[in-house]
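Here's the structure, in structure tokens; my notes come after.
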Amino acid sequence: MSVGYILQSTDPIVTLPERLALQLTAPFSLSLRALPSKWPAAPIHLPWHAPVHQDEGNRWLRERVIDLLADPAIRSRRTKTVQKGS
């Protein structure tokens with residue numbers, strides 16, 4: 001959420017996933033504007049190192065990122081984790 005603090009005190013603009021932008025507008029008194037053109041959906045990749053695959057803290061962080069950025073329809077499905085080399 002540090003982007004909210006940065007935008008609140010400076011003049012730059014930022015392109016964010018809509019779900020995140022909606023969560024930032026009220027708490028940081030920011031304006032939300034649609035992009036002037038339609039952009040295709042892009043996948044968001046969430047890689048991590050194999051040694052932390054089962055780490056509780058790392059798993060918690062991955063789940064928070066997915067909760068924040070994933071489409072609700074996708075979030076409701078179980079996340080398939082793929083390790084390099086499997």
Side-chain angles (χ1 to χ4, degrees):
M1 295 291 199
S2 60
V3 69
Y5 291 104
I6 294 168
L7 292 172
Q8 184 180 41
S9 59
T10 60
D11 291 334
I13 62 171
V14 66
T15 302
L16 297 170
E18 184 178 29
R19 291 177 44 81
L20 176 57
L22 290 169
Q23 292 181 355
L24 295 175
T25 53
F28 296 101
S29 302
L30 300 174
S31 298
L32 179 63
R33 302 287 185 265
L35 292 172
S37 61
K38 184 80 172 155
W39 286 17
I44 297 174
H45 299 278
L46 186 60
W48 59 89
H49 293 284
V52 296
H53 181 67
Q54 297 298 331
D55 179 78
E56 237 178 271
N58 190 274
R59 180 179 291 152
W60 176 88
L61 180 60
R62 293 190 312 257
E63 289 171 0
R64 299 296 74 77
V65 171
I66 290 167
D67 286 345
L68 185 61
L69 299 178
D71 181 304
I74 294 170
R75 192 175 346 116
S76 66
R77 291 185 255 152
R78 290 185 62 125
T79 304
K80 179 181 178 185
T81 58
V82 178
Q83 292 184 20
K84 189 174 181 175
S86 345

Are Tyr5 and Leu22 grouped together when hydrophobic residues (ILVMFWY) are joined by side-chain heavy atoms under 4.5 angstrom apart?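 Different clusters.
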
Look up atom [atom1] in [X] and atom [atom2] in [Y], then write down how far apart they are to the nearest 0.5 Å.
X     : Y     : atom1 : atom2 : result
Thr25 : Arg33 : OG1   : CZ    : 11.0 Å
Gln23 : Leu32 : CD    : CG    : 12.0 Å
Leu46 : Leu61 : CG    : CG    : 7.5 Å

Give the minimum heavy-atom separation between Asp67 and Arg19, together with the two atoms involved.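 Minimum heavy-atom contact is O-NH2, 3.1 Å.
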
Heavy-atom pair with the smallest gap, counting every atom of His53 and Arg59: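 His53 and Arg59 have their closest heavy atoms at O-NH2, 3.9 Å.
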
pair Phe28-Leu7: side-chain heavy atoms closer than 4.5 Å: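 Of all side-chain heavy-atom pairs linking Leu7 with Phe28, none is under 4.5 Å.
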
For Ile13, does the CD1 atom have more than 12 heavy-atom neighbours from other residues, nucleotides or ligands under 6.0 Å away?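 No, the 6.0 Å shell around CD1 holds no more than 12 heavy atoms from other groups.
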
